Amino acid sequence: MVRVRFAPSPTGHLHIGAARTAIYNWLFARHHGGSFILRIEDTDFERSSEEMTEGILAGLKWLGLDWDDKPVFQSQRIKLYQEKAAELVKKRAAYYCSEGRSKAVRFKVPDEDVFYKDLIHGPITVKSKNIEDFVLLRSNGLPTYHLSVVVDDIDLGITHIIRGDDHISNTPKQILLYRALGVSPPEFAHQSLIFGPDKKKLSKRHGVTSVLQFREMGILPLALFNYLAQMSWDPGKERIYSRGEIIEKFYLDKRSQGSPVFDISKLEWINGRLISDKSAEELFPLVKAVLQEKGLWQQALETEKRPWFLKLIGLLKERSRKIEDFSDRALPFISDDFPYESKAVKKHLKDERLGELLARLYDDFSVLESFKALPLEKALRSRAEKEGIKPALMIHAARVLVLGTRVSPGIFDVLEVMGKEKTLERLAAFDSVSKSSKQ
RNA sequence: GCUCCUGUCGUCUAGCCUGGCCCAGGACACCGCCCUUUCACGGCGGCGACACGGGUUCAAAUCCCGUCGGGAGCGCCA
């Protein structure tokens, strides 16, 4: 029976490196039908906080991870560690050492080399003479990491320890502790660390690293999940999978051992694909949240204008890579207070014929019975033909006048969603818009 | 300094265990073309890597040795 754990210390936010470790443990447990245990390593009272614990749990949930049993808090198990330390002293595997007035318990490293077979790295051997006697119990009676980890992993019946490479050199110490406690050690698998572009361990100075920050940016949980799961590992031909598919394909060995560099453009690519695949209905609450945050939300979008708003989301989702992207792009549709890109105005509104052409187009549009993409397109193209000009001239001008941008979804779909009233109003604003940029 | 881990396109990786199908495959990014009203999508194409040096072998990205590079750990932090 496979039993693994994720053991964060609540001294900071859920970092994507830690999240990746959590994902691997979870995947391993689910693949083998085992258990995934959460253990909060909060024995460093100075730096730990309940708030951080909440944030970490929220991050895990958001990623779609669930855990078995209740989370275990090390702060509530101090007595157990102290007992085990005493037991080791009794067995003469550990001893009291005093430096100054304080008295701590140190492990007596025996004169035997440590060998173990890492599931990812293969055989690793360390000579015991390279390991110093390390502290088990601090002079204040609190356990150190090595003691609490080993005692808990034994107590919780952990079968596989999957964690970051930064723990490789801790492992021999812990194996020695298992031996001293008379328990055979579990399997170990050490996963490479995520690096920044400078090939150093990823940290805050590299930019966004907290899982919750990605959520705020408008990254979908499944996108981050896929991206993180596919570091050091290649599940196959498709580039994006459901959680269930990844569980099915997951394996630990035979994976890349080098440290991967975090590349946000790939994450965003996955995210964009996932956004396109979602329905407007699914996207609705996410877009709402972003608009609310930017102070652009209108209650009507949820009530009488909801069907219209869903159409808008459907129009915009194909080319959005982050949920954030929706706010700028939706702006001209839900408000009259939007910017005109000066480059766009200069490029597409400078033709002198435009004033007259747009006036005629205005008339063509205003007599349309149905303000839908197809008739709109027909009207514009036949106008262009009559005038002997390329349709593109009016198309580009219309885009700039209606949206203020050079880039958008197909213009006729845009106009349809924009509606007759606003479209005509904005086409009529040609003079003032084109003039304003000349100053 | 000591110990351990690690090194395939700019980036993520496949291949390495079980040498030949690899003058190295895919994806992201980038560039070009097609589609086209713009962008995105899609299609097609391009750029681009086995860190280096020896050895073993008919044959090495794959096995062996060495060199160099990168990282992490060495706390009464976790």
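Residue numbers begin at 1 in each chain, while the letters A, B, ... track the order of the sequences. Owing to the predicted nature of the structure, the values given are computational and were not obtained by experimental measurement.
- Within the structure, a side-chain polar atom (N or O) of A:Gln257 is placed less than 4.0 Å from OP1 or OP2 of B:U6.
- Across all strands shown, the partner of B:U67 is B:A51, judged by Watson-Crick or G-U wobble contacts whose two distances both fall under 3.5 Å.
- Across all strands shown, B:U3 forms a Watson-Crick or G-U wobble pair with B:A72, both key distances being under 3.5 Å.
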Report, as a single string ordered 5' to 3', how protein heavy atoms within less than 4.0 Å touch nucleotides 73-78 of chain B: B base, S sugar-phosphate only, - not at all.
S--BBB
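- With sequence neighbours excluded, the residues that form a side chain to side chain contact (heavy atoms under 4.5 Å, CB included) with A:Asn140 are A:Arg138, A:Leu142.
- Partners of A:Lys249 under the salt bridge (Lys or Arg N to Asp or Glu O under 4.0 Å) rule, at least two apart in sequence or in another chain, do not exist in this structure.
- The distance from atom CZ of A:Arg239 to atom P of B:C12 is 14 Å, rounded to the nearest whole Å.
- For A:Asp364, the salt bridge (Lys or Arg N to Asp or Glu O under 4.0 Å) partners are A:Arg383, not counting sequence neighbours.
- Here B:G19 sits opposite no nucleotide as a Watson-Crick or G-U wobble pair (both hydrogen-bonding atom distances under 3.5 Å).
- By the side chain to side chain contact (heavy atoms under 4.5 Å, CB included) test, A:Pro339 pairs with A:Leu331, sequence neighbours left out.
- Rounded to an integer number of Å, the gap from A:Asp165 CG to B:C5 P is 10 Å.
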I'd like a table of atom pairs between the protein and nucleotides 61-63 of chain B - only N or O on both sides, under 3.5 Å - with the distance next to each one.
none

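- When the side chain to side chain contact (heavy atoms under 4.5 Å, CB included) test is applied to A:Thr21, the partners found at least two apart in sequence or on another chain are A:Phe6, A:Asn25.
- We find that NZ of A:Lys117 is positioned 15 Å from P of B:C5, with the value rounded to whole Å.
- Residues passing the ring pair (Phe, Tyr, Trp, His ring centres under 6.0 Å) test with A:Tyr227 are A:Phe262, sequence neighbours excluded.
- Pairs of residues two or more places apart, or lying in two chains, that qualify as ring pair (Phe, Tyr, Trp, His ring centres under 6.0 Å) and include a residue from residues 150-178 of chain A are A:Phe28-A:His160, A:Tyr145-A:His167.
- The aromatic rings of A:His190 and A:Phe188 lie parallel to each other, their planes meeting at an angle below 30°, with 60° marking the opposite boundary.
- With sequence neighbours excluded, no residue forms a salt bridge (Lys or Arg N to Asp or Glu O under 4.0 Å) with A:Asp363.
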Treating primed atoms plus P, OP1 and OP2 as sugar-phosphate and everything else as base, which nucleotides of nucleotides 29-49 of chain B get B, S or - for protein heavy atoms under 4.0 Å?
S-------BBBB---------
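- Geometrically, A:Arg243 engages A:Phe225 in a cation-pi contact, judged by NZ or CZ lying under 6.0 Å from the ring centre and within 45° of the ring axis.
- Base pairing annotation: B:A24 forms no Watson-Crick or G-U wobble pair, as no partner gives both donor-acceptor distances under 3.5 Å.
- For B:C9, there is no paired base (Watson-Crick or G-U wobble, both distances below 3.5 Å).
- Under the Watson-Crick or G-U wobble criterion, with both distances below 3.5 Å, B:U57 has no partner in any strand shown.
- Side-chain polar atoms of A:Arg329 and A:Thr405 form no donor-acceptor pair below 3.5 angstrom.
- Closest-nucleotide positions on RNA chain B for A:Ser192 and A:Lys200 were compared, and the one nearer the 5' end corresponds to A:Ser192.
- Residues satisfying the side chain to side chain contact (heavy atoms under 4.5 Å, CB included) test with A:Ala429, not counting sequence neighbours, are A:Ser432, A:Val433.
- B:C44 is paired with B:G32 under the criterion used here, namely a Watson-Crick or G-U wobble arrangement in which both key atom distances are under 3.5 Å.
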